[in-house]
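Shown next, in structure tokens, is the structure this report addresses.
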Number of protein chains: 2
Amino acid sequence: MISQGRHRRALRDRWNVAKSEKNAEDRKVVMIEATQRNGAATRMRILMAAEGEFADHGFDGATVRQIALRADIPVALVNYHFGNKEGLYRAIFEMRAPMIVDQRIAGLRLAEMEPDPERKVEMIVKAVLVPNLHMRSTEKNSSYARILAREVSDPKSHHRKVVAEFFDPIAYKVIEALQRAMPDRTVEEINWGYQAMLGVMVYTMADTGRISRLSGGLCDPEDEMTTSRHLVALMKAALLYSRVS
Amino acid sequence: MISQGRHRRALRDRWNVAKSEKNAEDRKVVMIEATQRNGAATRMRILMAAEGEFADHGFDGATVRQIALRADIPVALVNYHFGNKEGLYRAIFEMRAPMIVDQRIAGLRLAEMEPDPERKVEMIVKAVLVPNLHMRSTEKNSSYARILAREVSDPKSHHRKVVAEFFDPIAYKVIEALQRAMPDRTVEEINWGYQAMLGVMVYTMADTGRISRLSGGLCDPEDEMTTSRHLVALMKAALLYSRVS
DNA sequence: AGCAGATTTGAACAAGTTGACAAGATACCT
DNA sequence: AGGTATCTTGTCAACTTGTTCAAATCTGCT
């Protein structure tokens with residue numbers, strides 16, 4: 001009871017020291033997955049397992065024990081490497097978010113160079129949708145896509161901060177790009193258009209089989225190419241040809 | 001251990017008897033919220049509290065104790081009235097789903113009578129979106145909207161089967177209506193269009209403030225009228241004017 | 001009034017949860 | 001080779017979880 005606070009602080013300190021100790025860390029990264037005993041390697045094993053469990057059961061549904069079991073390591077290692085359950089959760093975003101954000105920024109840069117307005121809008125739509133849909137269909141990252149989908153419908157404070165922290169900046173960039181591409185539209189129209197795009201994307205990424213079931217197997221989110229073509233076409237039309245009555 | 005099965009059956013039987021005992025039930029409904037001791041009234045109190053808790057924390061995140069606390073009743077009453085946690089969860093859908101489904105069916109009937117193809121599509125879109133968006137903006141039902149959003153991104157819901165049971169039938173009706181309204185489109189196009197519509201709807205319903213934040217307060221899902229106009233316009237354009245490359 | 005059944009209550013249970021720790025094992029540097 | 005910091009391990013205690021129980025209380029009917 002009395003010592004709980006002290007113990008927690010001690011652990012947190014040890015952990016932070018380990019994190020900031022860049023020298024040792026970097027040295028080990030080069031030999032990742034080499035020896036049996038390697039902090040960076042087990043860290044990654046835990047992250048992968050956690051990603052799967054969080055995707056399948058949500059933050060509250062997933063248990064640290066199940067994650068440890070899946071990673072085939074003792075439970076205590078999770079707490080050693082990530083402090084606590086929430087630290088582990090954030091670590092997943094710190095690992096994955098840059099991947100998506102960088103791809104989107106690259107896509108936006110390409111779109112900026114396109115002179116034709118219609119093509120430009122199409123390229124912006126692609127810049128937003130394609131990176132995520134690709135991730136969805138990739139075996140290893142499909143779990144992260146489902147975690148992301150859960151986030152948007154979760155009002156919990158610590159969860160919300162994660163989304164805001166990692167994805168709000170790129171969101172503003174996309175909205176600005178849309179405004180430049182369609183200067184005749186009101187700011188409301190642009191914003192609702194962006195939200196619609198996000199909604200379609202998240203819904204597709206999070207799908208757990210309903211799309212395929214309802215379409216009699218005709219539509220399959222796993223089929224990245226076909227999914228992208230249909231969704232891009234839909235959202236391009238929505239952005240370009242919608243008129244608010 | 002040994003008696004667990006028998007006890008559970010006994011409880012379930014008692015519960016079913018209480019449910020089918022329409023005479024007693026009906027008599028009590030008239031005096032709902034009247035006396036301190038009233039099965040139907042406490043049932044409703046628990047349902048309301050549960051709706052809020054499930055919306056805020058998800059199925060796993062919500063605890064029966066917190067629900068009981070919110071409803072200001074002892075914990076055991078939850079299990080008495082609904083059998084178990086999942087029974088309580090399903091009861092929420094049994095209460096809310098018919099409301100939505102009926103409104104959609106009515107909307108589809110109206111659309112079916114419209115001769116102009118473009119207007120027909122618009123009316124189908126409205127039949128799908130408006131009932132849910134209206135529910136979202138109603139104070140009392142806003143929690144249910146978030147529960148619904150969680151459910152579609154939760155693979156465990158597959159196990160709970162509640163979405164399929166309550167909403168697949170009406171989904172098929174909508175898809176068929178779209179097919180009749182746009183006979184030149186492929187089945188894939190129709191299906192992806194429907195999924196996009198659902199995605200936009202669910203995303204907007206589940207929103208926890210991000211839409212307003214990103215738009216600088218300009219777009220507000222609480223404003224049912226404006227939200228509907230924008231989303232309907234977007235999805236109408238998406239369905240009517242999209243061309244897969 | 002009195003009975004029977006429905007409802008409520010507080011307490012308890014078993015299973016499973018997180019986070020903690022001390023002791024052991026390993027790798028790296030001087 | 002020895003010291004030091006990093007990493008691993010098995011085990012533990014404190015706490016929550018969903019669910020159940022037996023007894024108390026109320027309601028409507030005969």
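Every chain is numbered from 1, with letters handed out A, B, ... down the list of sequences.
The NE2-P distance, from A/His57 to C/dT17, rounds to 11 Å in whole Å. Here the P atom of nucleotide D/dG18 and the CG atom of B/Asp60 are 9 Å apart, to the nearest Å. Distance CG (A/Leu69) to P (D/dG10): 13 Å, rounded to an integer number of Å. We find that CD of B/Glu53 is positioned 11 Å from P of D/dG18, with the value rounded to whole Å. In this structure, A/Phe59 places its CZ atom 14 Å from P of C/dT17, rounding to the nearest Å. The nearest whole Å value for the distance from the CD1 atom in A/Ile46 to the C1' atom in D/dT9 is 13 Å. At whole-Å resolution of the value, OH in B/Tyr80 and C1' in C/dT8 are 9 Å apart. Distance, B/Gln66 CD to D/dT19 C1': 18 Å, rounded to whole Å.
Of the candidate nucleotides D/dT17, C/dG19, D/dT6, D/dT17 has the atom nearest to the side chain of B/Thr63.
Residue A/Ala68 is classed as having no contact, given no heavy-atom separation below 4.0 Å to the nucleic acid.
With sequence neighbours left out, the salt bridge (Lys or Arg N to Asp or Glu O under 4.0 Å) criterion links A/Asp220 to no other residue. Remark: B/Glu165 engages B/Arg90 in a salt bridge (Lys or Arg N to Asp or Glu O under 4.0 Å) (not counting sequence neighbours). A search for salt bridge (Lys or Arg N to Asp or Glu O under 4.0 Å) contacts involving A/Asp223 returns nothing, not counting sequence neighbours. Residues satisfying the salt bridge (Lys or Arg N to Asp or Glu O under 4.0 Å) test with B/Lys126, not counting sequence neighbours, are B/Glu122.
Residue A/His81 places at least one side-chain N or O under 4.0 Å from the OP1 or OP2 atom of D/dT8. The phosphate of D/dT8 (OP1 or OP2) has a side-chain N or O of A/Thr42 nearer than 4.0 angstrom.
For the side chain to side chain donor-acceptor pair (under 3.5 Å) condition, the pairs that include at least one residue of residues 128-137 of chain B, sequence neighbours left out, are B/Arg104-B/Asn132, B/His134-B/Glu224, B/Arg136-B/Glu222, B/Ser137-B/Glu224.
In this structure, B/Tyr144 has its ring center under 6.0 Å from that of B/Phe93.
Each of A/Lys85 and B/Arg65 lies near DNA chain C, and the nucleotide nearest B/Arg65 is the one positioned closer to the 5' end.
Against DNA chain C, the stretch residues 71-78 of chain B makes heavy-atom approaches under 4.0 Å through B/Pro74, B/Ala76, B/Leu77.
Neither side chain, A/Tyr89 nor A/Glu51, offers a donor N or O lying under 3.5 Å from an acceptor on the other.
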